[in-house]
Each structure stands twice: as C-alpha cells, then as structure tokens.
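Note sheet for the following structure.
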Amino acid sequence: MRSNSLPLFLLLSVAGLLCLMPIWYFFLAPWLAAPVFYLAGEAVSNAFHWVVTYERTGSKGTLLTSLQFIAEQGQGRTGKLAPVADYRMHGYGLVMLWAMLLASRPAALWRKLFLGTGVMLFIAASGVTLQWLNDIFNRSGPHVLAQTRASAVLAEAVEFGFHFNLFVFTALAPLLLWVVMNRAFVQALWNDAIKAPAPAGQSDETGQAD
C-alpha cells in the first residue's frame, strides 16, 4: 500500500476490525483459547506448588488450587480458590493486528499473519497468567496471600503488570507488532511527513524575481 493512501488504510482497518471482531469473539475465541490456557496453565503449574491443575471451557479457563478461600466473610464458608480468566479480555489485540495487516497488505502477508498470531497468543497467555496471579495475591484476602508465601513486593509487581497489560499493552502490542512487520509502509509515510512544502510567500517571490 502506498504511503499517500493513509486515509484508505485507516478506513480499511476500521472496517476490517468491525467485520472480524464478531467472528473472533463468537466463533474463533474458543479455539484460540486452547493454546493460550495451555501456555498460561503450564507456566503457573510449574512455578507454584499450590496449583493443582487448570481447566478450559470455551474461551474461559479456571486455575484449580489447594489454597483455602473464605467464600463468605462472617459465615465460615470456605472452599478451594479457583480463579477464572476469559481469553477474550486479553486477546482482542489479535483482531486489531489482523485488520491492520489485511488493510496494509505487506509483502509475505500470510507468513506475517501466522507469525503475528503466534506472538499475540503468547501475549494473551501472559495476560491470563497475570490475571490468575492477581486474583490470588491481591483480590482474595491476606489469608490467601499468606498461604502462597509470596512477598508483598511480588504481589505489587503482579498487580502493576496486570493493570499495565490490561489497559495499555494489550492494545499497544498489535500496533507495535504491525510497525515492525510493515516497516516499508511506515518509512514511506514518515518520508512524506518530513517533506515540508515550500512556503507560498517564497514561491511568489521566486516568480517575481524571474
């Protein structure tokens, strides 16, 4: 795509996003969630001894733990903590990347779509991991945190990482990845932007001098 077609690129990106998002949300997300929860589940299971296993149902995944959780304060009801994460909350950046790549149509488009999908699934798995850990360390009470033997510094780092990933990086990552995969388009756009046209007054003076 030529650099002077920036408005067309933006229009095609938005149109592609509107068309692809429902397909991804209702049909593709349950399938794409499988590798995401596998990566997140294996990482957490190998890192923490109190993780029993993990399960996936559609686009949602549950982390089963041996941590005792007070279900209702003041009534003595307890249970095993099992935080749930939804892949769709962390994976929508994939649709943004698809829309931008299809709109700009770079060289080796299909290879970049495949590679970009893999990277975005890994990022989504990181987001799922952070959500599970944030629910355990910061949202389930000090009695649960004490059972994990995690430090306060780790709990705060997980909380920061969860919010940064959810509100910033999830939306920023596809844009950064698209720039890396479409450097020719970005460079051409930048070259056009730095070419400032000659001032109108200078052009008139040149004409009078002739």
Side-chain angles (χ1 to χ4, degrees), residues 20-69 71 79-98 112-178 180-181:
L20 292 172
M21 185 63 75
I23 298 175
W24 168 80
Y25 189 92
F26 293 107
F27 302 104
L28 297 181
W31 298 95
L32 294 172
V36 169
F37 286 112
Y38 173 79
L39 292 173
E42 290 298 317
V44 178
S45 297
N46 292 321
F48 302 101
H49 69 277
W50 34 262
V51 175
V52 177
T53 187
Y54 57 92
E55 299 175 348
R56 180 183 67 87
T57 303
S59 61
K60 296 182 179 180
T62 304
L63 186 69
L64 304 178
T65 74
S66 60
L67 302 172
Q68 288 292 121
F69 174 67
K80 300 294 185 180
L81 184 62
V84 180
D86 192 333
Y87 157 69
R88 293 171 296 187
M89 188 168 67
H90 302 278
Y92 64 86
L94 175 60
V95 189
M96 297 173 59
L97 179 63
W98 285 348
K112 292 179 179 179
L113 282 170
F114 181 79
L115 178 61
T117 297
V119 174
M120 293 304 300
L121 290 178
F122 179 81
I123 293 175
S126 301
V128 167
T129 301
L130 288 170
Q131 181 179 351
W132 276 341
L133 294 179
N134 186 62
D135 287 346
I136 294 170
F137 293 159
N138 300 299
R139 301 187 61 186
S140 301
H143 57 287
V144 172
L145 180 61
Q147 294 176 61
T148 65
R149 298 182 180 178
S151 65
V153 174
L154 177 59
E156 291 180 2
V158 166
E159 185 176 25
F160 171 80
F162 167 71
H163 288 102
F164 178 81
N165 180 78
L166 182 63
F167 297 117
V168 179
F169 194 65
T170 299
L172 185 61
L175 177 60
L176 296 176
L177 192 57
W178 174 81
V180 172
M181 291 182 168

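In what follows, residues are counted from 1 in the order of the sequence shown.
- Within the structure, no pair that satisfies the salt bridge (charged side-chain N to carboxylate O under 4.0 Å, His left out) test touches residues 123-133, not counting sequence neighbours.
- Looking at residues two or more places apart in sequence or on another chain, you find a side-chain contact (heavy atoms from CB on, under 4.5 Å) between M89 and Q131, L166.
- For Y25, the side-chain contact (heavy atoms from CB on, under 4.5 Å) partners are R88, not counting sequence neighbours.
- Between S66 and K80 the shortest heavy-atom distance is O-NZ, 3.6 Å.
- Pairing each heavy atom of G58 with each of A33, the nearest pair is O-CB, 3.8 Å.
- Side-chain atoms of T65 come within 3.5 Å of backbone N or O of L81 as a donor-acceptor pair.
- Listed by chain and residue number, L28 satisfy the side-chain contact (heavy atoms from CB on, under 4.5 Å) test with I23 (two or more places apart in sequence, or in another chain).
- Pairing each heavy atom of P83 with each of W132, the nearest pair is O-NE1, 3.4 Å.
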Considering only distance and modelled atom types, tabulate donor-acceptor pairs under 3.5 Å from the side chains of residues 146-158, sequence neighbours left out.
unit_1	atom_1	unit_2	atom_2	d
Q147	OE1	Q68	N	2.8
Q147	NE2	Q68	O	2.8
Q147	NE2	H143	O	3.3
T148	OG1	L145	O	2.6
T148	OG1	A150	N	3.3
S151	OG	L154	N	3.2

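- Sequence neighbours left out, the pairs with a member in residues 120-141 that pass salt bridge (charged side-chain N to carboxylate O under 4.0 Å, His left out) are D135-R139.
- Aromatic rings from W24 and Y87 are positioned such that their centres are separated by under 6.0 Å.
- With sequence neighbours excluded, no residue forms a ring-ring contact (aromatic ring centres under 6.0 Å, His included) with W98.
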Solution key, residues 35-52 side-chain donor-acceptor pairs under 3.5 Å, sequence neighbours excluded:
unit_1	atom_1	unit_2	atom_2	d
E42	OE2	Y54	OH	2.7
S45	OG	G41	O	2.7
N46	ND2	E42	O	2.9

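- Between F27 and W31, the shortest heavy-atom contact is O-CD1, 3.2 Å.
- When all heavy atoms of I136 and V144 are compared, the closest pair comes out as O-CG1, 3.6 Å.
- The structure places CG of L97 at 7.0 Å from CG of L113, a figure rounded to the nearest 0.5 Å.
- The side-chain contact (heavy atoms from CB on, under 4.5 Å) with N165 is formed by just one residue from the set V128, T129, L130; it is L130.
- Identified under the salt bridge (charged side-chain N to carboxylate O under 4.0 Å, His left out) test for residues 25-41, with sequence neighbours left out: none.
- In this structure, the side chain to side chain donor-acceptor pair (under 3.5 Å) partners of W178, at least two apart in sequence or on a different chain, are S104.
- For E55, the side-chain contact (heavy atoms from CB on, under 4.5 Å) partners are L64, not counting sequence neighbours.
- Of all the heavy atoms in N134 and E159, the pair that sits closest is OD1-CA, 3.4 Å.
- For the atom pair CG (L172) and CZ (F169), the distance works out to 7.0 Å, reported to the nearest 0.5 Å.
- From L121, atom CG reaches atom CG of L94 across 6.0 Å, with rounding to the nearest 0.5 Å.
- Every residue was checked against the salt bridge (charged side-chain N to carboxylate O under 4.0 Å, His left out) condition with R56, not counting sequence neighbours, and none meets it.
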